[in-house]
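In what follows, a structure is listed as structure tokens, so that the remarks can point back to it.
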Number of protein chains: 2
Amino acid sequence: MQNSEAIALSAAVLAVAGELTQRINEGVVARGFEGVRPAHGFAFVRLAPDGATVTDLAAHLGVTKQAASQLVEELVRRGYVERRPHPVDARARLIVLTELGWACTRAAEEAAADAVRPWVELLGEGEVRVLCDRLLRIAPYGPIRPTW
Amino acid sequence: MQNSEAIALSAAVLAVAGELTQRINEGVVARGFEGVRPAHGFAFVRLAPDGATVTDLAAHLGVTKQAASQLVEELVRRGYVERRPHPVDARARLIVLTELGWACTRAAEEAAADAVRPWVELLGEGEVRVLCDRLLRIAPYGPIRPTW
DNA sequence: CCAAGATGGTCAAGCTGCTTGACTATATGG
DNA sequence: CCATATAGTCAAGCAGCTTGACCATCTTGG
């Protein structure tokens, strides 16, 4: 594979990622959740199952824990998450989604489904599944960084 | 396709994009081009063929022209590009890559090839080409935004 | 041909989100 | 029980973007 092809492929990946991020965020905002940034969505993904600590979140987002702490503070102010005492570690706090946070997460899922729908119409559901499989094999643990 | 699958697919795309951006940037830095950010690479792509104006660049990067102007100023200081009078519009300036800028672009292509190589080994060259084709069909003109 | 508005570019000031550094409180291991 | 590591926060600073203002040059309609 030639270098120029590699660049073209990279550009394609980045274009898809950019469009996807933009569409999902717009979709979430359109559903009435104002003031949310893509980074918040990335945080929600990590918080969704059982909550997480600030340090977990920082590692997940690829930022310092101070930055993660600020992000949590903002989400608390907006009512999307709340800090609870950690069940086994008195130093730590468990950040969990509020009901509003869950609603926002569901909105993001809907927005993602809307964003992906044109792909299915274009390529067919089977091809999209194959695409997803390929991507997961390529970078199963790629960084979810809010900023480049 | 269910909402949860759409989210999984989105996460996969973003993970691949994140890893790719990181690897290319590291590869460029490793080849001796210091102080370059991914955003610079996105600018180089637009400048490479025949140069571009600040306004073109701003549109391409999805930022204000002031921001694009600052980015150009930085690239000029580092010796990657130079401002030339525009051939047909005395208001505008044509930003073109210097020899150093071209060298950096080639380094980025090499780094991209390095980053993509594992994919080829994992999926085979044919599958990767198919992947590229699919991505280009999904978002042929997706935004190349340096920041989310 | 000229006046009026549109467009290309830059300067300046401000804001946002990140970083580094310092600190307290709690956990853990010898 | 003390030494060190870890969770979290506060504070200050910085980088990169934005908005607002401005000048130079172009384009257009009368």
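Chain A is the first sequence line, chain B the second, and so forth, proteins listed ahead of strands; every chain is numbered from 1.
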Between A:Val88 and A:Glu74, the residue closer to the 5' end of DNA chain C by nearest nucleotide is A:Glu74
Tell me what [X] touches on the nucleic acid: a base, only sugar-phosphate, or nothing, going by heavy atoms under 4.0 Å.
{"X": "A:Ala67", "answer": "base"}
{"X": "B:Gln66", "answer": "base"}
{"X": "B:Thr64", "answer": "base"}

Taking only Lys NZ, Arg NE, NH1 and NH2, and the carboxylate oxygens of Asp or Glu, determine whether B:Glu110 and B:Arg106 approach each other closer than 4.0 Å.
no
- Inspect the contact between B:Asp114 and B:Arg31 and indicate whether a charged nitrogen and a carboxylate oxygen are less than 4.0 angstrom apart. yes
[N], OP1 or OP2 - any side-chain N/O from [X] closer than 4.0 Å?
{"X": "A:Thr55", "N": "D:dT6", "result": "no"}
{"X": "B:Arg93", "N": "C:dT10", "result": "yes"}
{"X": "A:Ser69", "N": "D:dG8", "result": "no"}
{"X": "A:Arg83", "N": "D:dA7", "result": "no"}

Would you kindly give the [atom1]-to-[atom2] distance between [X] and [N], to the nearest whole Å?
{"X": "A:Glu73", "N": "C:dT16", "atom1": "CD", "atom2": "P", "answer": "15 Å"}
{"X": "B:Leu61", "N": "D:dC17", "atom1": "CG", "atom2": "P", "answer": "9 Å"}
{"X": "A:Arg84", "N": "D:dG8", "atom1": "CZ", "atom2": "C1'", "answer": "19 Å"}
{"X": "B:Leu71", "N": "C:dT10", "atom1": "CG", "atom2": "P", "answer": "12 Å"}
{"X": "B:His86", "N": "C:dG9", "atom1": "NE2", "atom2": "P", "answer": "8 Å"}
{"X": "A:Lys65", "N": "D:dA5", "atom1": "NZ", "atom2": "P", "answer": "13 Å"}
{"X": "A:Leu75", "N": "C:dG17", "atom1": "CG", "atom2": "C1'", "answer": "13 Å"}
{"X": "A:Phe42", "N": "C:dC18", "atom1": "CZ", "atom2": "P", "answer": "12 Å"}

Counting only side-chain heavy atoms from C-beta out, which of [options] sits nearest to [X]?
{"X": "A:Arg91", "options": "C:dA27, C:dC18, D:dT18", "result": "C:dA27"}
{"X": "A:Gln70", "options": "D:dA12, C:dT10, D:dG8", "result": "D:dA12"}
{"X": "A:Ala90", "options": "C:dT10, D:dC17, C:dA27", "result": "C:dA27"}

Contact between B:Phe44 and B:Tyr80 at the side-chain level, heavy atoms closer than 4.5 Å - yes or no?
yes
_Residues, nucleotides or ligands: over 12 heavy atoms within 6.0 Å of A:Arg23 CZ_ = no
(message) Please determine whether the number of non-hydrogen atoms from other residues, nucleotides or ligands lying under 6.0 Å from atom CZ of A:Arg84 exceeds 12.
(response) no
